[in-house]
Amino acid sequence: MKDVITITFPDGSFQRFPAGITVQEIAVLRNENDGDGVVAGKVNNRLVDLSVPLLEGGALEYVTAESEEGLSILRHSTSHIMAQAVQEVFEGAQVAIGPAIADGFYYDFDYFRPFTVDDLELVEKKMREIINEALPFIREEVDREAAIKLFQDRNEPYKVELIRDFPDEKFSLYRQGSFVDLCRGPHLPSTNSVKSFRLTGVAGAYWRGDERNRMLQRIYGTAFPDEEALNGYLQRLEEAKRRDHRRLGKELGLFSIHEEAGAGLVIYHPRGALLRTILEDFEKREHLKRGYDIVKGPQILKLELWEKSGHLDNYRENMYFTEVDNQKYGLKPMNCLAHMLIYKSSIRSYRDLPLRYFELGTVHRHEKTGVLHGLMRVREFTQDDAHIFCTPAQLKDEIKGIIQFVQEVMGLFDFSYEMELSTRPEKSIGSDEAWENATGALMSVLQENGIPFAVDEGAGAFYGPKIDIKLKDSLGRAWQCATIQCDFTLPERFDLTYVGTDGERHRPVMLHRVILGALERFMGVLIEHFGGAFPFWLAPVQMIIIPIAERHHAYADEVYQKAKMKKFRVEKDYRNEKLGFRIREAQLKKIPYMLIIGDREVDSCGIAPRTREGKDLECQNVEDFLGAIQSERKVFGEEVI
RNA sequence: GCCAGCGUAGCUCAGCGGUAGAGCAACUGAUUCGUAAUCAGUAGGUCGGUGGUUCAAUCCCACUCGCUGGCUCCA
């Protein structure tokens with residue numbers, strides 16, 4: 001063993017220390033620890049506790065609570081403190097797992113009764129006590145047998161199960177006070193390194209995420225380096241509430257969902273229906289431009305057809321059924337069947353392919369009650385669905401074309417997103433070979449085009465693997481929108497063929513794909529993304545005319561007519577209210593332009609526009625203004641009316 | 001579907017054993033106003049639904065419908 005070790009620091013400098021010096025001690029020597037900001041070290045790029053003694057030289061850097069890794073350590077340690085508190089307050093509560101997550105942490109417990117929101121206060125109080133005790137987090141390593149015995153003795157069956165399922169022979173433990181947890185670490189040096197935390201909620205959660213298992217009680221919380229950062233986070237949550245599409249849907253008069261009509265069934269009000277119509281028109285135009293044919297299938301199809309497609313076996317619990325003239329029907333949960341029948345209605349030649357059938361198809365899916373959520377998760381929705389039938393040789397080009405389509409559209413709406421490749425799920429149909437082909441095709445297009453993607457094992461559709469694009473709502477929750485699904489199986493089941501150059505019949509490949517996904521969900525995400533302040537071309541109301549007094553109404557009518565003639569979506573507010581009041585209301589309705597008309601404007605034959613951002617534009621000629629904003633309704637270079 | 005919380009006027013919410021209140025909105029009147037809320041008055045509720053306990057239920061209990069946050073599942 002060396003006596004002296006050499007440590008290099010991120011700035012390139014190095015320094016010698018006696019072997020066995022701890023990361024913490026070096027920090028003190030180098031004044032790294034003032035402000036308590038340092039929560040862990042990173043030796044040769046591996047996160048370690050500050051208390052770890054260094055026996056070998058290497059690269060050392062410090063992790064502060066401000067960094068992503070540091071924040072995660074802070075939160076993870078806070079979850080241990082919470083677990084200790086819960087066990088002290090609720091005797092007999094057993095611990096399961098308690099990781100740091102995106103905005104905080106949680107810990108799962110098994111207790112004879114569920115925790116309530118009121119219990120959180122008791123836990124928070126106990127946590128503060130534990131923090132004040134300044135208990136050190138102490139790491140130790142034990143072998144498998146000792147770890148199992150320890151947790152058996154402590155009556156922690158979940159920990160024992162975890163240890164049994166890990167292949168490792170050595171296990172690290174972290175102790176603080178009387179509490180001990182199985183944990184990889186690293187952790188803060190002491191409980192009093194936690195400065196600002198908040199418990200945010202309770203929820204049930206299945207042990208190991210499997211609904212066949214027992215439901216545990218999960219407590220969520222978050223922690224920050226200081227009170228200011230915590231308050232900032234809580235404020236961001238408040239702001240997110242103001243962008244909530246359910247709230248804006250009501251405030252902007254877009255849609256409603258009624259208990260008496262049914263859960264998960266959206267009712268569109270005039271402005272919401274208009275917004276949706278604009279999106280639908282946009283979709284039809286863009287699909288026709290890209291070589292798709294618009295088709296339309298029926299809402300119900302005979303049960304035998306769903307049996308043939310495999311939906312009955314794999315999707316039955318999500319389907320609605322009905323019976324007409326002694327004949328059973330299934331209400332469509334997907335649009336593919338009719339498209340298959342269109343394909344089969346005639347003999348297809350390789351010269352016909354690819355065939356791209358597009359449908360704004362309304363589908364019904366029986367979603368479990370607990371998952372319904374505003375527009376994001378509903379029971380009746382309309383997809384911008386298409387099915388592409390092509391030769392195996394055309395497959396990759398088709399996938400590439402769809403990805404480009406998605407990229408253009410997401411760019412237009414200014415969404416950031418990541419692509420995700422989902423592979424074969426447990427419940428699925430088709431041969432291994434077909435799945436490998438399909439998965440390989442999707443993956444190679446992503447790779448060849450240098451598109452970064454994550455892999456989600458086992459998350460494919462029952463008939464094939466897929467590439468998904470998830471968009472985030474105001475709270476950062478991801479919702480799947482666009483998806484590209486490769487299917488070698490349905491063409492087989494329906495015996496789809498085309499005649500090739502050799503005069504023989506061949507099997508086409510099929511792609512299922514959506515760009516926006518479900519219009520309902522997309523609108524939900526869109527509303528939150530723009531906070532209701534839609535781009536001009538999408539705004540259900542593009543401008544509102546606000547005359548100052550009654551004597552300006554006649555002139556205001558002229559302006560209104562002029563805007564109408566140019567096909568702008570214009571409204572007028574002639575209410576007997578002060579200007580400031582009506583401006584405020586128009587602003588809350590997120591109307592892009594307010595056209596103010598008073599004596600000055602009438603005299604100079606103009607209008608005084610004001611933007612919803614609160615910017616006053618100079619008094620100007622009506623025609624000039626309308627001409628100027630025509631460019632704002634251009635989408636992909638085309639004016640959208 | 002599971003866990004927890006919640007359903008009171010159009011909206012946001014207070015009240016919690018003795019059958020209901022506020023602000024905003026609505027309506028009426030006055031005010032005709034220059035860039036984010038003019039003033040006054042009026043009206044509005046089988047307290048989500050169905051049962052039960054009680055002399056008495058918006059309040060307690062059960063069931064049910066719906067909503068919210070999670071879990072599982074999914075566009």
Side-chain angles (χ1 to χ4, degrees), chain A residues 106 108 113-120 200-220 241 244 246-247 250-251 256-264 315 317-318 333-334 363 365-378 381-385 422 425 427 459 461 466 468-471 475 477 479-483 485 512 514 516-522 524-525 546-553 574-588 594 596-601 608-612 614-617 619:
Chain A
Y106 67 78
D108 288 346
R113 67 153 175 93
F115 296 133
T116 68
V117 184
D118 297 332
D119 293 334
L120 295 188
T200 51
V202 284
Y206 300 107
W207 166 237
R208 301 199 135 178
D210 189 328
E211 67 180 331
R212 288 166 300 193
N213 289 342
R214 185 173 167 77
M215 180 162 270
L216 308 176
Q217 304 303 316
R218 176 170 297 177
I219 303 182
Y220 285 93
K241 272 190 199 161
D244 191 315
R246 292 163 302 187
R247 177 182 172 140
K250 207 177 276 178
E251 286 175 2
S256 57
I257 297 172
H258 298 259
E259 184 177 345
E260 53 267 56
Y315 212 73
E317 59 273 24
N318 285 300
M334 296 185 193
V363 297
R365 297 186 185 174
H366 178 254
E367 301 291 347
K368 292 175 179 175
T369 52
V371 305
L372 300 174
H373 180 90
L375 292 181
M376 304 297 198
R377 194 82 182 266
V378 293
F381 57 97
T382 300
Q383 296 175 300
D384 60 338
D385 205 359
S422 298
K427 201 172 183 182
K466 55 183 189 165
D468 290 330
I469 285 93
K470 290 178 179 168
L471 301 180
L475 283 171
R477 292 175 293 207
W479 297 96
Q480 187 185 313
C481 291
T483 179
Q485 312 180 341
H512 310 242
V514 293
L516 303 185
L519 290 186
E520 283 72 10
R521 175 176 292 181
F522 188 78
V525 175
I546 308 179
I548 288 175
E550 242 171 78
R551 63 180 176 279
H552 309 123
H553 287 188
Y574 286 7
R575 288 178 302 172
N576 178 13
E577 296 287 351
K578 292 171 97 169
L579 179 61
F581 178 87
R582 286 177 290 164
I583 283 181
R584 176 183 148 83
E585 295 229 320
Q587 198 126 333
L588 290 174
M594 296 152 228
I596 316 296
I597 294 167
D599 290 336
R600 285 207 294 271
E601 288 70 32
R610 175 197 162 101
T611 70
R612 64 185 159 197
K615 199 168 134 201
D616 287 338
L617 304 179
C619 178

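Letters go in sequence order (proteins before strands), and every chain restarts at 1. Just so it is clear, the values below take in all heavy atoms, side chains as well, and ignore hydrogens, waters and symmetry mates.
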Across nucleotides 68-75 of chain B, 5' to 3', mark each nucleotide with B, S or - according to how protein heavy atoms within less than 4.0 Å reach it.
SBBBBBBB
Do A/F381 and A/L519 have side chains that approach each other closer than 4.5 Å (heavy atoms only, starting at C-beta)?
no
Check every atom of B/U35, B/C33, B/A4 against the side chain of A/A608 and return the nucleotide holding the closest atom.
B/U35
Using a strict threshold of under 4.0 Å (side-chain N to carboxylate O), is an ion pair present between A/E317 and A/K427?
yes
Does the structure show a Watson-Crick or G-U wobble partner for B/C39, both distances under 3.5 Å? Name it, or say none.
B/G29
Suppose we define a pair by two distances each less than 3.5 Å, Watson-Crick or G-U wobble; what does B/C2 pair with here?
B/G70
Checking base pairs now: Watson-Crick or wobble, both atom distances under 3.5 Å. What partners B/U54?
none
Got a sec, which residues hit side-chain hydrogen bond (donor to acceptor under 3.5 Å, both in side chains) with A/D210, two or more places apart in sequence or on another chain?
A/R212
In the structure shown, which nucleotide is the Watson-Crick or G-U wobble counterpart of B/G7, with both distances under 3.5 Å?
B/C65
On a heavy-atom basis, the closest approach of A/Q217 and A/R113 is CG-O, 4.5 Å
Any side-chain heavy-atom pair of A/V202 and A/D119 under 4.5 Å:
no
Is there a side-chain contact between A/E585 and A/E577, using heavy atoms and a 4.5 Å cut-off?
no
note: A/R113, atom CZ; B/G5, atom C1'; distance rounded to Å ~ 14 Å
A/K241 NZ to B/U12 P: how many Å, rounded?
13 Å
Return the nearest nucleotide to the side chain of A/R551; candidates are B/U32, B/G5, B/G34.
B/U32
Determine: side-chain N/O of A/K250 to OP1/OP2 of B/U12, distance under 4.0 Å, yes or no.
yes
Measure the distance from CZ on A/R575 to C1' on B/A30 and round it to the nearest whole Å.
18 Å
Would you say A/R247 places a side-chain N or O within less than 4.0 Å of OP1 or OP2 belonging to B/U12?
no
A/R610 side chain N/O closer than 4.0 Å to the phosphate oxygens (OP1, OP2) of B/A36?
yes
